[in-house]
Amino acid sequence: MTCFATRTETFSLSHAGNSLRWQEWDDVYIVFQPSSAETHVFNETTALILKCLEQGSRSIEAVKDWTEAALEVGRGDLAEEDF
């Protein structure tokens with residue numbers, strides 16, 4: 001994955017990322033990745049970003065906008081450097 005220094009770069013999931021198995025548990029998401037046999041624990045924001053990327057590559061700004069909408073926060077409320 002690239003360094004996210006400019007707005008022109010994009011996030012994308014590898015082929016392995018498209019086969020994730022999800023389980024929501026209270027306010028966390030348990031995600032099993034069969035290709036590596038690893039289990040990950042994500043918060044809601046990270047889970048939303050990964051769900052967005054399952055639909056295809058997105059620019060940082062598009063992922064940020066989508067995440068803000070999904071979390072129902074105001075546009076610009078999430079700091080870009082957090083992405």
Side-chain angles (χ1 to χ4, degrees):
M1 198 165 287
T2 62
C3 175
F4 303 118
T6 68
R7 292 179 186 258
T8 59
E9 296 177 280
T10 60
F11 287 122
S12 62
L13 284 181
S14 68
H15 176 68
N18 291 324
S19 64
L20 299 175
R21 297 186 187 148
W22 294 80
Q23 178 66 48
E24 184 177 352
W25 190 6
D26 293 326
D27 60 347
V28 298
Y29 294 80
I30 311 300
V31 181
F32 178 69
Q33 183 178 5
S35 64
S36 66
E38 292 181 345
T39 301
H40 309 275
V41 179
F42 298 127
N43 63 22
E44 180 182 24
T45 303
T46 303
L48 287 170
I49 291 168
L50 289 174
K51 289 290 188 184
C52 177
L53 293 175
E54 286 180 338
Q55 300 170 18
S57 296
R58 301 281 188 268
S59 70
I60 293 170
E61 191 64 32
V63 171
K64 183 177 172 299
D65 291 346
W66 189 90
T67 303
E68 288 169 338
L71 291 173
E72 298 179 356
V73 299
R75 185 158 195 208
D77 282 354
L78 298 177
E80 187 170 314
E81 57 269 8
D82 291 340
F83 286 83

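Each residue takes its place number in the sequence, starting with 1.
Here the shortest heavy-atom pairing between Glu68 and Leu78 reads OE2-N, 3.2 Å. Thr39 and Phe32 make their closest contact through OG1-CD1, 3.5 Å (heavy atoms, listed as atom of the first residue, atom of the second, distance). Here the closest heavy-atom approach between residue Arg58 and residue Ala62 is recorded as CB-CB, 4.2 Å.
The CD1 atom of Ile49 sits 4.5 Å away from atom OG1 of Thr67, with the distance rounded to the nearest 0.5 Å. Leu20 CG to Ile30 CD1: the interatomic distance, rounded to the nearest 0.5 Å, is 13.0 Å.
Annotation: cation-pi geometry satisfied between Lys51 and Trp22 (NZ/CZ under 6.0 angstrom from ring centroid, within 45° of ring axis).
Using a 4.5 Å heavy-atom threshold, the side chains of Leu50 and Phe42 count as touching. Annotation: side chain of Tyr29 is in contact with side chain of Glu44 (closest heavy-atom distance under 4.5 Å).
With sequence neighbours left out, the side chain to side chain donor-acceptor pair (under 3.5 Å) criterion links Thr46 to Asn43. The side chain to side chain donor-acceptor pair (under 3.5 Å) test applied to Arg21 returns no partner, not counting sequence neighbours.
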